[in-house]
Every structure is written in C-alpha cells, then in structure tokens.
Participant: 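Structure in structure tokens, see below.
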Amino acid sequence: MNVITNNQETRCKKCSRSNFKYLKLAIGHCLLLFVWLLYLGNWSIASAVSGNNLVDLANVFDGHKVTFEGEVIGDVMIRRSHAWVNVNDGERAIGIWLTAAQAESIKYSGSYDRTGDRVRVTGTFHRACREHGGDLDIHADKLEIVVPGGQRAHPVDRNKLALSFGLLGLTLGLHLYVVWRKRLKAKKTLSS
Amino acid sequence: MLLRPTINDLRTILYYIGRLTIGLGFIFLIPLITALIFAEWDMAVNFLLSFSLAVMIGMLLQQSFTEHLDLNWSQGLAVTSIYWLVAMFLGAIPLFLSGHYLSYLDACFDSMSGFATTGLALIVNLDHAAVSLNMWRHLIMFLGGQGIVVIGLTFLVRGTAGAYRMYVGEAREEKVLPNVIQTARFIWLISFAYLAIGTLMLTLIGWLEGMPFIRSLLHGTWIFMAAFDTGGFTPHSQSILYYHSFPYELVTILLMVLGTLNFSLHYAIWNGRIKELFKNIETRTLFLSMSVLFVIMTVGLTQWRVYPDWLAVFRKGFYQLISAHSGTGYMTVYAPQFPNEWGVLALVMVILAMGFGGSACSTAGGIKALRIGLFFKALIQDVRRIMAPGSAVIVTKFHHIKDLILEDRLVRSAMVMLILYVLTYLAGLVVGLYYGYPLDMAAFESVSAAANVGLSTGITDASMPAGLKITYIIQMWVGRLEFMSIFILFGLAIARFTGAKGRSK
C-alpha cells in the first residue's frame, strides 16, 4: 500500500511538475504572442478578410493589419515611388497602396481578355485614409502572387453568328425591296 | 372630354417609332466598330445582331405605316414615352448577350438606367467588361442625356410642329433657339465641344496618374460622357474611387456642374453673356441649395467624426453632394459606407440634394432648381402679401434668361411637378419598405432612381427582388420624361375605350 501510495505521490508530484511545465510553456507562448502583437502595434488577422467584410465592418478593421486576397484588376498606376492597384476578391474591389517595386511583380491585371494575377496582400487597412483624402484602402507591407494570371478566351457562338448574318441578310433584303418599290413608283408616276 | 384615338393615330405613332428605331439601330455601329478595332469578336457579333434587329424592326414599322399625319400633341408625347421603352428593350440586347447580366430584366434595368442617365447598375463582373460593351454603356448615357428623340430630330425628322411635340415629351420645354431642330443641333454642338475639352483633360490626367495612353483616352471619353450627361456609369466597379486621383475628381466635379446647367444658360455663356450665370434664378438656387446642404452635411460628418480632415470631407462629402445634386451618381465611397458610417443627418442631406436635382433643360433629373426657386419665390410673395396692406399689389420678378414676372400659372405648374416627384419618391420608398429594407436605405435608393441620380446604399444589386427592379425601372422612366408624356400615353389607352369619336388637334 505504502509503495503504491509512494508511487501515487511520486506520480502526482511528477504530474503536477509536468502540468506546471506546460502551464509555463503556455504562458511563455502567450507572452511571446503579446510581445509580437505589441511589436506590430496592431491586431493581425491571419486568414484573408473578404472585401464585403472590410467595407461593412470598416470601423472594426480600421488601423489594423489585414490580409486581403483577390485578382488584380484594371491598371497598375505608378505614382513616383509608389503605385495604386485595385484588387477584387469577387465581392468587392479594394484599392491597394504599395511600393513601385512591389507593383513590378504584378504581370497580369484583369480585363476583358486577361485574368489578373491573384495576389495576397498583407497591410494596414484604413477606413478613411488620412494620406489619401479619406479613401478606404490598404497600405501593403507584403504582396505575394498566389496564382499568376493569363489570357482569357472568348470564343464566338456559331449559332449567334448565323442568326446575326441571317438578320443582316433579311434587313438588306428588305431595304432593297423598299428601294425597288420606290423606283417602280417613281417610274409609274413619270410614265403616267 | 377625351377623344378616342383612331387607327390613324396609331399608324402615325408607329411610323415615327419606326423612324426613330432605325436611328437607334445605326448607333449600334459605333460599339460594333469599337469591337472590331479591339478584336472583341464575340461582342462584335452581339452588336451586329442588335443592329440588324433594330433596323429591321424600324423598317418594318416605317414601311407598314407609310400613310401618316404630322404629330399632334398627344401623339408626339406618346411617341416619346413608347420610344423610350423600345429603346430600353433594344439597348438591353447587347448588354444581355455579353454574359454580364443574370437576366434580361437586369439588362433592361441597366439599359433604362443608361438612357435615363441614372447610373444605377446591375451588371456583374464589370471589371472584366469588354471595351465595346463599356462604349455602348456610356454611349447610351450620352445619347439619353441629350435625349434620344433629340437625336432623331437632328438627323431623321424634318422641322415640323410634331418634332417640337416629341422634343417637349422628352422633358425639354425650353427652346434654346427659335427652331426646335436648331435647338437640337445646338445641344449637340455644345456637347461635342465639351466632349473634346473634357476628354482631353481626363485623358491627360489619367495618363499622368499612371494609366496607359489608350486606356486613359477610353476612360476619359467614357467618364466625360457619363459626367457631362449626369449619368454615372463607370468602366470599373469602384466608380471614381478606382482612379485614386484628386485631379480626376476635380475635373469630374467641373463636368458634373457643367452638365447640370440649363442649355439656355450654356447658350447665353456661349454668346458672351457671363452675367447670366450670376443673375439666373436657377444658378442662384443651385448655389444656395448646394451651400446650405453642404454646411449641414459637414456638421453631420464632423459630429460622427467620419473623416480625419477637411480635405477628406471635401473629397468624400462635397463630391458626393455635387454628384447627388447634379444627378450624376459618381461615387468616391463604397455604397455601404453611406448607411454604415455617414450618420442620418449627412445621409438626409444627400437625399435632399438628389431630390432637388439640377437645372431644367439640362441632362440632370429631380425636381429641378427652377421649380424649387419658383416655389420659394411664391412662398416669400405670399408672406409679403399677408404682411402688406390689403390694397397693395405685390409683384415678384425673377430672372431666367430674361426678366419675368412670377405668375400663378408658373407657380402652379412648378408645384404640380414638385408634388408629382415627391409622390414618385414616396412610391419607390413604400415598395422598398415592402421588401424589407430599412427606411433610410429605401428612401435613398428610391429618390436616387426617380431623380435619375445613381448613388446607392447597396440595395441596387443583381440579387435584389424583381419587383423592386421593375419599380426602379418605372421610376427612372417616369422621372426622366417628367410625367406628362407618360400620363398622355395612359390617357390615350383609357380614351381608346372611353373616349368620344373625333380627331384631336
């Protein structure tokens, strides 16, 4: 019994020691995380936030680090050492202010005949940016290309093509008929 | 007593609709050529189909009803109201075929929004739209702003009394020049002159702000078309926010203000009468209204600490206010920011600005500054009348191109229109509330649609109920044509069954 008790006591001591060790580890991690957060000066959101969430909850995200992922659309507008790009996540397009060097990595921007590069932007979100006249934007710290863009094909629908030319033919036929009738009338008037 | 419309009335109406439809058909050639230049073959097919269909329908109508009379008042106004619907249905064809719309109703919505220079849009994936599609979207806005009947008057219809009746049907009561055809041509002259200057300015700014030259030229042209014609369509989903450019915003403010001025005022300035700008009741009313609304809006925005500094208040608050007052609908904020961040006071100021609208005989919608000005003049006159001795004769004058005396006839006409607009705003509000939207958002969207503005709180979306889409289409149609031609159309329909036999003059 004693042995068992001793063993139990020994196990319990070990357990409490090991539990204490895990607790210390957890506190240590928390402290590290806290210090990291302090270093960033902000709350960081690891997973990407949607465009709709950014706009709808702009007050919540204002001034915080966010990650936004989407397709670069339109133009990469270089403004001296920086650039503006607009990134659309399928719900909403958001303006991204980044350095010209970061912008250089963008090869494709979305348009009628192109799918833009899919990028992941990590940066500071502003509900009403003081630097940019109150724009809702993200100042990028980091930009990575997730999926490179490419060309978009727009094949012509053969049925639509046939219908178009059919209608054009009918219209031209109708026009010729009208012209012919007018001439015939004019001739009749002249002869009478 | 209503006179029953005869088969000859119908023939005449259909003949003119046919003639105008041919005109619309030929306009499809502009985006068709654009599609060919930019090698957008599928879009070229869509425009070829639309062109052929419109010209064929127009020719069939014209050839079927060759025996026609000159238009009387009711026929002229009926032609205009019906033709706007025909234009909506035909204009929606290439939009729907582009694959950017979830239904033909959505395409009709955008088509009417374009022609009526509203700017509310249901297009999806706009950021991948073809150049030719954007050309068409902005072109219909430009044509709608000038008046699609004005186009017909310029190129297709000879200067008859009937031409003037169609012109009036398109909410253009004032003749800038003695002849209606000359007036229509002057409207085109002035628009093309501004088109050249405005496009050049926007192209240069776009280019300097980092856009490739061809794209900045295209964007400059489109943004001009939609700004000067107080439309509001843009080639990208973020509206003017896409450009992130203060100079671009300043030029669009200038164009929106120019677009909201009366063409008669443009004519006066064109002829060196700059003083007219300061004396005219419309410009005075517009200036006063914009100033008062902006001050109150600024109080609202400051109270809620919406923007960090004065520049931001100008670029967001003032820009949205000018956009609302001119009836353009360009935005430098996201739609949900209005209800989420602006606060009720600032939001109500935008609603009032939209409701008041721009000048009469301009491309702007809404009640119009002239009517608001007359209303307040009449109010002051009545107060003075009560305060003055019984035998005193109170005469009020106002200046609108020339000095005029405020007559009861003018006040009555202004009041009727004011009430009709308010009732239309309320009708849209009630439908919005029925579909479960909050009061502020429903009011905002309804006024925006009926006053042909195009600002949105986010209700206007491809996923909104079909009933609301139809309501807004009707509001845009009614608001753009300013009621009378549509009432005449319904009057003719009723008279077909209840009216007496005879021919109206």
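Below, chain A is the first sequence line, B the second, and so on; all start at residue 1.
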Participant: Check each atom of B:L133 against the heavy atoms of chain A and say whether the ones under 4.5 Å are side chain, backbone, both or neither.
Facilitator: neither

Participant: Find the one option among A:G95, A:A128, A:G133, A:G169 whose heavy-atom pairs under 4.5 Å with chain B are most numerous.
Facilitator: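 Maximum pair count with chain B is reached by A:G133.
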
Participant: Which heavy atom of A:A58 sits nearest a heavy atom of B:E341, and at what distance?
Facilitator: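 Closest approach of A:A58 to B:E341: CB-OE2, 3.3 Å.
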
Participant: Heavy-atom pairs under 4.5 Å with chain B: which of A:I78, A:D157, A:L136, A:D75 has the most?
Facilitator: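 Of A:I78, A:D157, A:L136, A:D75, A:D75 has the most heavy-atom pairs under 4.5 Å with chain B.
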
Participant: Could you walk me through whether B:H244 and A:D135 pass the side chain to side chain donor-acceptor pair (under 3.5 Å) check?
Facilitator: CA-CA 8 Å; B:H244 305 282; A:D135 280 5; 3.2 Å; yes

Participant: A:F165, A:W97, A:W84: which one forms the most heavy-atom pairs within less than 4.5 Å of chain B?
Facilitator: A:W84

Participant: Among the options A:R152, A:R114, A:H175, A:H132, pick out the one with the most heavy-atom pairs lying under 4.5 Å from chain B.
Facilitator: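 That would be A:R152.
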
Participant: Tell me, for A:L57 versus chain B, whether the close heavy atoms (under 4.5 Å) come from the side chain, the backbone, both or neither.
Facilitator: neither

Participant: Go through B:R215, B:M43, B:E249 and name the one with the most non-hydrogen pairs under 4.5 angstrom from chain A.
Facilitator: B:R215

Participant: For B:V124, is it the side chain, the backbone, both or neither that has a heavy atom under 4.5 Å from a heavy atom of chain A?
Facilitator: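 Looking at B:V124, nothing touches chain A.
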
Participant: With a 4.5 Å limit on heavy-atom distance, are the side chains of A:N88 and B:Q238 in contact?
Facilitator: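 Sidechains of B:Q238 and A:N88: no contact.
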
Participant: For the CG atom of A:L168 and the CG atom of B:L48, what is their distance to the nearest 0.5 Å?
Facilitator: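 The CG atom of B:L48 is 5.5 Å from CG of A:L168, to the nearest 0.5 Å.
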
Participant: Check whether B:A129 gets within reach of chain A through its side chain, its backbone, both or neither, counting any heavy atom under 4.5 Å.
Facilitator: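 Contact with chain A: backbone only.
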
Participant: Please rank A:V178, A:D137, A:N86, A:L161 by heavy-atom pairs under 4.5 Å with chain B and give me the top one.
Facilitator: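 Counting heavy-atom pairs under 4.5 Å, the top option is A:N86.
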
Participant: Is there a donor-acceptor pair closer than 3.5 Å between any side-chain N or O of B:Y334 and the backbone N or O of A:D56?
Facilitator: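 Checked: no pair found.
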
Participant: Quick check: does any side chain N or O of A:R92 sit under 3.5 Å from a backbone N or O of B:S237, one acting as donor and the other as acceptor?
Facilitator: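 No.
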
Participant: Measure the spacing between CE of B:M59 and OH of A:Y177 and express it to the nearest 0.5 Å.
Facilitator: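 Output value for this atom pair is 11.5 Å.
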
Participant: About how many Å separate OG of A:S164 and CG of B:L53, when rounded to the nearest 0.5 Å?
Facilitator: 10.0 Å

Participant: So which residue, A:R79, A:R130, A:E71, ends up with the most heavy-atom pairs under 4.5 Å with chain B?
Facilitator: A:R79

Participant: To the closest 0.5 Å, what do you measure between OG (B:S50) and CG (A:L167)?
Facilitator: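 Between B:S50 OG and A:L167 CG, I get 9.5 Å after rounding to 0.5 Å.
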
Participant: Is B:E40 close to chain A through its backbone or its side chain, or both, or neither, when contacts mean heavy atoms under 4.5 Å?
Facilitator: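 For B:E40, heavy atoms of backbone and side chain both lie under 4.5 Å from chain A.
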
Participant: Looking at B:Y242, B:F246, B:Y307, which one has more heavy-atom pairs under 4.5 Å with chain A than the rest?
Facilitator: B:Y242

Participant: Which region of B:I57, side chain (C-beta onward) or backbone (N, CA, C, O), has a non-hydrogen atom less than 4.5 Å from a non-hydrogen atom of chain A, or is it both or neither?
Facilitator: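 For B:I57, neither part sits under 4.5 Å from chain A.
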
Participant: A:V156 and B:D42: which non-hydrogen atoms are nearest, and at how many Å?
Facilitator: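 Taking every non-hydrogen atom into account, CG2-N, 3.8 Å.
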
Participant: Chain A heavy atoms under 4.5 Å from B:F38: which part of the residue, side chain, backbone, both or neither?
Facilitator: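 When you check distances to chain A, no heavy atom of B:F38 falls under 4.5 Å.
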
Participant: At a 4.5 Å cut-off on heavy atoms, which part of A:V55 comes close to chain B: side chain, backbone, both, or neither?
Facilitator: both

Participant: Give the member of B:M211, B:K316, B:E209 that has the highest number of heavy-atom pairs under 4.5 Å with chain A.
Facilitator: B:E209

